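Reading through the structure tokens given below for one structure.
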There are 2 protein chains.
Amino acid sequence: MSELHSEYTKEGQSIHALVVELTFTFFKLRSSGDSQYQKYGLSSGRMALMRSLFSGGPQTVSAIAASRPVARQGIQRMVNAMVKDDLLLLAENPRHKRAKLVELSAAGNALYRQVLKEEIEFMNTLSEGMSSGSINECRNLLVQLRDKLALDDST
Amino acid sequence: MSELHSEYTKEGQSIHALVVELTFTFFKLRSSGDSQYQKYGLSSGRMALMRSLFSGGPQTVSAIAASRPVARQGIQRMVNAMVKDDLLLLAENPRHKRAKLVELSAAGNALYRQVLKEEIEFMNTLSEGMSSGSINECRNLLVQLRDKLALDDST
DNA sequence: GTAACTTTGACAATGCGTTGTCAAATATGA
DNA sequence: TCATATTTGACAACGCATTGTCAAAGTTAC
């Protein structure tokens with residue numbers, strides 16, 4: 001601890017500690033997810049993509065990218081690879097000749113549902129002993145934090 | 001929403017929502033941090049490394065890597081680059097001929113303190129309107145979550 | 001002391017994200 | 001309509017993390 005830390009307000013200090021913990025928890029969560037996914041040849045990125053298609057229906061690459069903090073070209077590359085793996089299909093888009101609609105193939109849909117099922121069980125296990133009230137309060141605070149960040153920069 | 005979601009317990013559903021929000025908040029936080037750091041030629045990774053050295057004192061590359069969820073060779077590469085940029089120094093290690101002690105140079109220390117100062121102000125701003133009690137509760141819940149993850153896998 | 005094991009830094013390959021460029025397709029507006 | 005601007009996918013280059021391999025340095029056990 002340096003003397004600089006005395007410039008923190010009490011709340012500022014708490015937020016800093018929260019940010020540090022959030023970072024550790026995020027990495028832990030992602031590596032835990034990846035180790036669950038890898039036995040199906042999936043990754044966190046591929047799962048997130050399938051999740052978007054499963055809940056949002058067929059969409060263009062641009063639309064998928066716009067709904068998440070990832071670059072359009074990253075999604076494009078991922079989609080191309082997953083089409084090759086027969087997890088996704090490209091359907092004609094009546095509104096745009098080049099921008100095809102990306103959708104889950106039958107195999108992709110089945111795989112996603114399988115993994116989602118495991119994921120739900122995992123979340124249920126993780127939440128044992130916690131109250132949904134305190135979990136929701138925590139989430140609300142993160143939303144609040146993120147909203148403040150959105151004001152701060154134009155990312 | 002698919003029929004699969006009915007397999008969630010109430011708490012499981014909440015945890016899932018929390019995990020989604022946590023992910024968004026993490027990315028927002030990191031990009032916000034990076035845009036603050038870049039005017040000093042730094043990145044989140046470099047800042048984290050300097051933070052370790054500032055608070056933990058001179059350490060070997062291996063020790064730094066062991067204290068965070070990053071690979072040893074990633075730290076090694078970063079250290080080599082930052083030594084070239086005169087932000088870090090390699091001091092002789094009496095206990096090991098090859099494993100030098102990494103420490104902040106005078107320039108690195110000054111730069112870190114400058115950025116830290118801005119960061120503290122930023123955290124103070126972010127926390128305005130929040131109670132340190134609710135922030136700490138949120139952090140405690142994340143700690144609890146991370147502990148459960150640690151049990152689950154051996155990452 | 002010495003043989004076997006582990007830790008460490010250099011080097012290389014790879015994975016997966018980013019950005020930039022370009023041409024085709026589309027949208028906009030005078 | 002037609003000129004201009006934007007969106008889109010392919011391609012390339014790069015950034016920054018990972019893993020694996022190897023030889024030098026250090027540790028441990030006998």
Side-chain angles (χ1 to χ4, degrees), chain A residues 23-24 26-28 30-35 37-38 41-50 52 58-85 87-102 154-155, chain B residues 23-24 26-28 30-35 37-38 41-50 52 58-85 87-102 154-155:
Chain A
T23 304
F24 275 96
F26 169 79
F27 281 111
K28 195 83 195 168
R30 198 179 55 174
S31 79
S32 167
D34 279 334
S35 66
Y37 300 146
Q38 73 177 356
L42 297 178
S43 63
S44 291
R46 285 186 165 211
M47 269 302 283
L49 176 48
M50 294 173 91
S52 291
Q59 298 164 64
T60 64
V61 166
S62 298
I64 299 168
S67 71
R68 283 198 299 136
V70 290
R72 179 179 63 95
Q73 293 293 45
I75 297 290
Q76 184 76 54
R77 194 169 35 74
M78 211 174 200
V79 165
N80 292 345
M82 290 174 76
V83 166
K84 238 171 212 154
D85 290 351
L87 294 172
L88 303 181
L89 295 174
L90 296 181
E92 289 304 322
N93 181 357
R95 305 182 42 178
H96 198 300
K97 196 192 273 187
R98 299 187 76 194
K100 303 286 166 61
L101 290 172
V102 185
S154 50
T155 313
Chain B
T23 303
F24 276 95
F26 169 79
F27 281 111
K28 195 82 196 168
R30 199 179 54 173
S31 78
S32 165
D34 279 333
S35 65
Y37 300 146
Q38 74 179 355
L42 297 178
S43 62
S44 290
R46 284 186 167 211
M47 268 303 282
L49 176 47
M50 294 173 91
S52 291
Q59 299 164 62
T60 64
V61 166
S62 299
I64 298 168
S67 71
R68 284 197 300 134
V70 289
R72 179 178 64 94
Q73 293 293 44
I75 298 290
Q76 184 76 55
R77 193 173 34 76
M78 211 172 198
V79 165
N80 292 345
M82 290 175 76
V83 166
K84 241 171 211 154
D85 290 350
L87 294 172
L88 303 181
L89 295 174
L90 297 180
E92 290 302 322
N93 181 357
R95 305 182 42 178
H96 199 299
K97 196 193 275 186
R98 299 187 77 195
K100 303 286 167 59
L101 290 172
V102 185
S154 49
T155 315

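Sequence lines set the chain letters: A, B, ... in the order given, protein chains first and strands last, and positions in each chain run from 1. Remember, predicted model here, so these are calculated numbers, not experimental data.
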Residue met sooner reading DNA chain C from 5', once A:M78 and A:K97 are mapped to nucleotides: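 Between the two, 5'-proximity favours A:M78.
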
5' priority, DNA chain C, between B:Q73 and A:N93 [closest heavy atom]: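 Its nucleotide being nearer the 5' end, the pick is B:Q73.
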
Aromatic plane relationship, B:F26 with A:F27 - under 30° parallel, 30 to 60° tilted, over 60° perpendicular: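 A:F27 and B:F26: perpendicular rings.
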
Can you measure [X] atom [atom1] to [N] atom [atom2] for me and round it to whole angstrom units?
| X | N | atom1 | atom2 | answer |
| --- | --- | --- | --- | --- |
| A:L101 | D:dT8 | CG | P | 12 Å |
| A:I64 | D:dT8 | CD1 | C1' | 13 Å |
| B:R98 | C:dT8 | CZ | P | 11 Å |
| A:R30 | C:dG15 | CZ | P | 17 Å |
| B:I75 | C:dG9 | CD1 | P | 11 Å |
| A:Q59 | D:dG9 | CD | P | 13 Å |
| B:K100 | D:dA25 | NZ | P | 11 Å |
| A:R72 | D:dG9 | CZ | P | 7 Å |

If you only use heavy atoms from C-beta on, which nucleotide in [options] is closest to the side chain of [X]?
| X | options | value |
| --- | --- | --- |
| A:A71 | C:dT18, D:dG9, C:dG9 | C:dT18 |
| A:A99 | C:dG9, C:dT18, D:dG9 | D:dG9 |
| A:N80 | D:dA10, C:dG9, C:dT26 | D:dA10 |
| A:Q76 | D:dG9, C:dT8, C:dG17 | D:dG9 |
| A:S62 | D:dA25, D:dC16, D:dT8 | D:dT8 |

What I'd like to find out is whether the side chain of [X] reaches to under 4.5 Å of the side chain of [Y], using heavy atoms alone.
| X | Y | result |
| --- | --- | --- |
| A:L49 | A:L88 | yes |
| A:V83 | A:L89 | no |
| A:T60 | A:V102 | no |

Side-chain (A:D34) to main-chain (A:S44) donor-acceptor, under 3.5 angstrom: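 Yes.
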
N/O donor-acceptor pair, side chain B:R95 with base D:dG26, under 3.5 angstrom: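 No, no donor-acceptor pair under 3.5 Å.
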
